[in-house]
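Since the structure is predicted, the reported quantities are computational estimates derived from the model, not experimental observations. Below, chains carry the letters A, B, ... as their sequence lines are ordered, and counting in each starts from 1.
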There are 2 protein chains.
Amino acid sequence: MARSALTREEVLDAAAALVRRHGPAALTMRGLAAELGTAVTSIYWHVGNRESLLDALVERTVLEMGAIRPSGRTPAERIVSVARLLRRELRERPHLIAMVHERGLTERMFLPAQQALVQEVGAAGLRGARAADAVRAIQFQIVGYLLVERNRERSPAQSPGEGELWGPDAAPGDPALSRALASPPDPERLFLLSVRALTRALLAPDPASRG
Amino acid sequence: MARSALTREEVLDAAAALVRRHGPAALTMRGLAAELGTAVTSIYWHVGNRESLLDALVERTVLEMGAIRPSGRTPAERIVSVARLLRRELRERPHLIAMVHERGLTERMFLPAQQALVQEVGAAGLRGARAADAVRAIQFQIVGYLLVERNRERSPAQSPGEGELWGPDAAPGDPALSRALASPPDPERLFLLSVRALTRALLAPDPASRG
DNA sequence: ACCTGAACACCGTTCAAGT
DNA sequence: ACCTGAACACCGTTCAAGT
C-alpha cells in the first residue's frame with residue numbers, strides 16, 4: 001500500500017483516463033481519490049478544485065491538437081487534407097473535445113489548423129480580406145461539420161427517425177431523393193463533398209456571382 | 001398563500017423560465033419547488049425526475065422550431081433565407097438549444113428546415129442522390145456554423161486571443177490578411193458568405209470539377 | 001389523485017490539525 | 001510542503017403517510 005508522493009501530473013492523468021472512458025459526469029472528486037488511493041482533500045491541494053481540474057484537462061487537449069501537416073499537390077487538395085486530419089484527431093477524443101467546446105475554446109484549439117489554411121489560401125492566390133474570409137469560412141465549415149457529426153452519433157434512435165419521415169411522398173416526383181434521405185448519410189463522404197464544394201467556390205477566380 | 005392545484009404545465013413553464021435565464025445548471029429540484037411554493041416531492045409526481053423534466057423542456061423546444069417559410073425569388077435566395085431564419089430562432093434560445101444538442105436531437109429539430117431545403121434544391125433542378133447530398137451538405141453547414149458561432153460567443157476572452165496570434169508577420173507578405181484575421185469576424189456576414197458560397201457550388205450545373 | 005416531511009446516499013468544498 | 005478526517009451545505013430520489 002506504500003504509495004509514492006502524489007503529483008499534479010498523476011492526478012491529471014487519472015482524471016483524463018476517467019473522462020476518456022466514461023465522460024466528465026463520471027469524474028467525481030471522491031471517486032478520483034479512491035482511484036488514486038489518497039484522501040479527497042489531497043486532490044484539492046494539487047489542482048485547486050474540480051472546475052480547475054477540468055480546465056487543466058481541457059488545456060492539455062488543446063495543446064495536443066498542435067501539429068497539423070497538410071499533404072497533397074494543389075492548395076485545394078491540401079485544404080481537404082487538413083480537414084481530414086482534424087476529423088481524425090477529433091474523433092479520437094470525443095468527451096474531451098466536447099469539454100473544450102463547452103468552455104468556448106474550440107476556436108483556440110483550431111488555431112494551428114487555421115495557420116495551415118492561411119498558407120494554402122495564399123498559395124491559391126487569395127489576398128487580404130478575401131483570404132481571411134475564405135480561411136474563416138472553411139474553418140467554420142470543418143469545425144461545424146464535426147460538431148454536428150458528433151451530435152448525430154451520440155444521439156439515440158431518433159423519434160421519429162428520418163426513415164419514417166421520408167416516406168415515398170415526402171419529395172413528390174423524386175422517389176430517388178426520398179430514398180436517399182431515408183437512409184443514413186455516409187458522414188465521411190458528405191464531409192469531403194462539403195469541404196470540396198465550399199473550397200471550390202471560395203477559391204474560384206471570380207467572386208462576382210453572388211447567390 | 002392558498003395556491004391552486006399544481007399542474008405539469010406549470011412546472012414546465014417555471015423550469016423553462018429558469019433555464020432560459022440562467023442555464024440548466026441553475027435548475028435544481030429544490031429551487032424549482034421553492035419558486036413554485038410546493039414541496040420538492042410534488043414535482044416528482046408531475047414530471048418524474050429531473051432528467052425527464054429536462055427531456056420535456058427539450059421536446060417543447062423542438063416543437064417550437066416548427067414553422068419555416070422561405071422567401072426570395074431564386075432557389076439560392078430562398079435557401080439563404082431559410083438559413084437566416086434558423087439563425088434568428090436559435091439565437092433566441094441559446095441554453096435550450098444547447099440542451100437539444102446535448103441530447104442528440106439537433107437533427108430532428110431541423111427537420112422542418114430540411115423539408116424546405118428539399119423543396120428548393122428540387123426547384124433548382126437537382127434530382128435524386130445528388131439532391132440529397134446538397135440538402136444535407138447545406139443543412140450540416142448551417143447547423144454547424146451556428147454551433148461554432150454560439151461557442152465563440154460563450155467563450156471568455158481567449159488566451160492567447162487571435163489578436164495576439166496574428167501579429168504582422170503571421171501571414172508573410174500579406175499585411176492586410178494579418179490585419180483581417182487579427183480583428184474579430186462579423187458573424188452574420190461570414191455566415192451569409194459561407195452559405196452562399198456552398199449553395200453556389202452545390203447548385204452549379206456541372207459537378208465534374210472535383211477539388 | 002395529489003401532496004407532504006423525513007430519510008438516504010450521494011456531491012464539492014473548507015478547515016483545523018497533523019507530519 | 002503535503003496529507004488527513006471531520007464537518008458543512010448542498011444535491012436528486014424514495015417512501016410511507018397523509019388528504
Item to check | Non-neighbouring partners of B/Ala15 that pass side chain to side chain contact (heavy atoms under 4.5 Å, CB included), sequence neighbours left out | outcome: B/Leu27, B/Leu32, B/Leu53, B/Leu57
Checklist outcome for this item: From the candidates C/dA1, C/dT4, D/dC3, the one with an atom nearest any side-chain atom of A/Ser42 is D/dC3
Checklist outcome for this item: Annotated structure of DNA chain C as dot-bracket, pair cut-off 3.5 Å, Watson-Crick or G-U only, | for inter-strand, is ||.|||||...|||||.||
Item to check | Backbone N/O of B/Ser52 and side chain of B/Asn49: donor-acceptor pair under 3.5 Å | outcome: yes
Checklist outcome for this item: Partner of A/Arg84 under salt bridge (charged side-chain N to carboxylate O under 4.0 Å, His left out), picked from A/Glu77, A/Glu188, A/Glu89, is A/Glu188
Checklist entry - Is any side-chain N of the basic residue among B/Glu9 and B/Arg60 closer than 4.0 Å to the acidic one's carboxylate O? => result yes
Item to check | Between C1' of D/dC3 and NE2 of A/His46, the distance in whole Å | outcome: 8 Å
Checklist entry - Rounded to the nearest Å, what distance is computed from the CD1 atom of residue B/Ile43 to the C1' atom of nucleotide C/dT4? => result 13 Å
Next on the checklist: Between B/Glu51 and B/Arg103, does any side-chain N to carboxylate O distance fall below 4.0 Å?
Outcome noted: yes
Item to check | Residue-level proximity of residues 17-25 of chain A to DNA chain C when a heavy atom falls under 4.0 Å | outcome: none
Close N/O contacts between protein and nucleotides 13-18 of chain C (under 3.5 Å):
unit_1 : atom_1 : unit_2  : atom_2 : d
C/dT13 : OP2    : A/Tyr44 : OH     : 3.1
C/dT13 : OP2    : A/Arg50 : N      : 2.8

Next on the checklist: If the condition is ring pair (Phe, Tyr, Trp, His ring centres under 6.0 Å), which residues does B/Phe191 pass it with, not counting sequence neighbours?
Outcome noted: B/Tyr145
Checklist entry - Is A/Arg136 paired with A/Glu107 through a side-chain N to carboxylate O contact shorter than 4.0 Å? => result no
Next on the checklist: Measure CZ/B/Arg8 against C1'/C/dC3 and give the value in whole Å, please.
Outcome noted: 18 Å
Next on the checklist: Assess whether a salt bridge exists between A/Glu92 and A/Arg88, defined as any Lys/Arg side-chain N lying under 4.0 Å from an Asp/Glu carboxylate O.
Outcome noted: no
Next on the checklist: When you measure from the side chain of B/His46 to the backbone of B/Leu6, do you find a donor-acceptor pair of N or O atoms at a distance under 3.5 Å?
Outcome noted: yes
Item to check | Non-neighbouring partners of A/Ala176 that pass side chain to side chain contact (heavy atoms under 4.5 Å, CB included), sequence neighbours left out | outcome: A/Asp174, A/Arg179
Checklist entry - What distance do A/Glu10 atom CD and A/Glu35 atom CD have between them, rounded to the nearest 0.5 Å? => result 11.5 Å
Checklist entry - Could you give the CH2-to-P distance, from B/Trp45 to C/dG5, as a whole number of Å? => result 18 Å
